[in-house]
Amino acid sequence: MKRANSPTRLTITQPDDWHVHVRDGEMLEAVAGYTARQFGRAIIMPNLAEPITTVAAAKNYRDRILAAVPKNSIHADFTPLMTCYLTDTIAAGEVERGFKSGVFTACKLYPANATTNSSHGVTDIENISDVLEVMQGLGMPLLVHGEVTDAAIDIFDREAVFIERVMKKIIADFPALKIVFEHITTKDAVDFVLASSANIAATITPHHLVYNRTAIFKGGINPHLYCLPIAKREVHRLALRAAATSGSPKFFLGTDSAPHAVTAKQSACGCAGVFNAPYAIESYAQTFAQENALDKLEGFASMFGPRFYGLAKNKRKIVLERRDVAVPKSIDIVDTHIVPFHAGETLKWKFCGALD
Ligand code: DOR
Ligand code: ZN
């Protein structure tokens, strides 16, 4: 419903995406522009088929990303911020060298086998305590995929159990470590982050703000809504919406856009991931408008992330207008296609580009 005092045009500081998968090769070429046209910077996930575990690999990957970004003014100034994939055997010295040389912005903790390309992840956080010690000293953020991998734990409980079994231990052992609890999906995580000290924050995806677990099964299985952590009950979605729109600097934008070819999604064993990059800022704007909280969008999208990471906010501004945007049913990529988030829907806010 149109509200008398709700704006029809919004100018905000250019946002950043504090969590995105842009893949490699032809997929990278096809998707990089979607992120670069909206966001000033993006934290690049390191879970390639061969994970990014060295400074040299991160530098090369950064070069490939920059080469894949189309060369025109909308994409000018896009900066990929690289992350290091933690393994049981990673050397603390490599992490330190990468951070000090400005190549690594953060480290990513994937519990081994929690999600896509995480088989090289950490089997026990005791194995990386020397790395966490160094990161704490450097002020280098730890980005956490917060799900236990214990097969006995129900998939819908994996995040809540991770808080009890792992997150609390990391924080007890490294109280000054900067931690981003990535793509949170539960009220438990919201409450935990709010109750923690200022060095603990969280990212929230557009899709976890929009649908709950019931939607995944509405009318049949909807593989394009399957991601990890999986969407939870409605009470959790509502808690995420309240957190994102609260104005608390502990919650900021991270899309977790994770493209997979349609054949990999619509299969007997479909991959986890939602490709939301093409309409990410529009989706967030629509959610904030629905919550009558458009005045809180800039903080969430453009201010709280850089503040947490100790970086300056972007200088550019972007414009959003209240106008219909038809999202295509699929996007052609290389020799396949990908079904984007909101496929076939009409969004109510349009990204109109950057002001220079
Ligand atoms: O849904 C997901 N997809 N969650 C992740 O943690 C990884 C991602 C991917 O890389 O596909
Ligand atoms: Zn992710």
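Hydrogens, waters and symmetry mates play no part in the numbers below; they use all other heavy atoms, side chains included. As the structure lists them, so they are numbered: ligands from 1, and atoms in each ligand from 1.
A donor-acceptor pair shorter than 3.5 Å can be found between the side chains of Thr186 and Glu159. If you check the side chains of Asp17 and Thr255, you find a donor sitting under 3.5 Å from an acceptor. Checked by atom type, the side-chain pair Asp88/Asn127 shows a donor-acceptor distance below 3.5 Å. When only modelled atom types and interatomic distance are considered, Ser118 and His145 share no side-chain donor-acceptor pair under 3.5 Å.
By the 3.5 Å distance cut-off applied to N or O atoms, Gly273 is counted among the residues near ligand 1. Between Tyr110 and ligand 1, a contact under 3.5 Å exists for no N or O pair. Taking distance alone, with nitrogen or oxygen atoms compared against 3.5 Å, Leu228 approaches ligand 1 more closely than that limit. Remark: ligand 1 and Tyr226 share no N or O pair separated by less than 3.5 Å (distance only, no angle test).
With the Zn ion (ligand 2) as vertex, His21 NE2 and Asp256 OD1 subtend 90°, rounded to 10°.
Among protein heavy atoms, the minimum distance from atom 3 (N) of ligand 1 is reached at Ala272 O, 3.0 Å.
Judged by a 6.0 Å distance limit and a 45° cone about the ring axis, Lys296 is not positioned over the six-membered ring of Phe288. Stacking of Arg37 on the aromatic ring of Phe351 is not recorded, the 6.0 Å distance cut-off and the 45° axial limit not both being met.
Annotation for ligand 1: atoms under 4.0 Å from non-hydrogen atoms of His145 are 6 (O). The contact set between ligand 1 and Cys227, taken as ligand atoms under 4.0 Å from a residue heavy atom, comprises 1 (O). Near Ala258, with a cut-off below 4.0 Å to any heavy atom, the atoms of ligand 1 are 3 (N), 8 (C), 9 (C), 11 (O).
For residue His19, an N/O/S atom approaches the Zn ion (ligand 2) to within less than 2.8 Å.
Atom CD of Glu234 has more than 12 neighbouring heavy atoms from other residues, nucleotides or ligands inside a 6.0 Å radius.
Ring geometry for Phe252 versus Phe308: interplanar angle of 30 to 60°, hence tilted.
At a 4.0 Å heavy-atom cut-off, ligand 1 does not touch Met45 at all. Residue Asn47 touches ligand 1 through its side chain alone, judged by heavy-atom distances below 4.0 Å.
Looking at Val20, Thr115, Ile230 and measuring to atom 7 (C) of ligand 1, the nearest heavy atom belongs to Thr115. In this comparison of His21, Glu182, Arg23, the heavy atom closest to atom 11 (O) of ligand 1 sits on Arg23.
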Check the pair Thr11 / Lys317 against side chain to side chain donor-acceptor pair (under 3.5 Å), numbers first and verdict last.
-> CA-CA 6 Å; Thr11 302; Lys317 303 270 182 195; over 6 Å; no
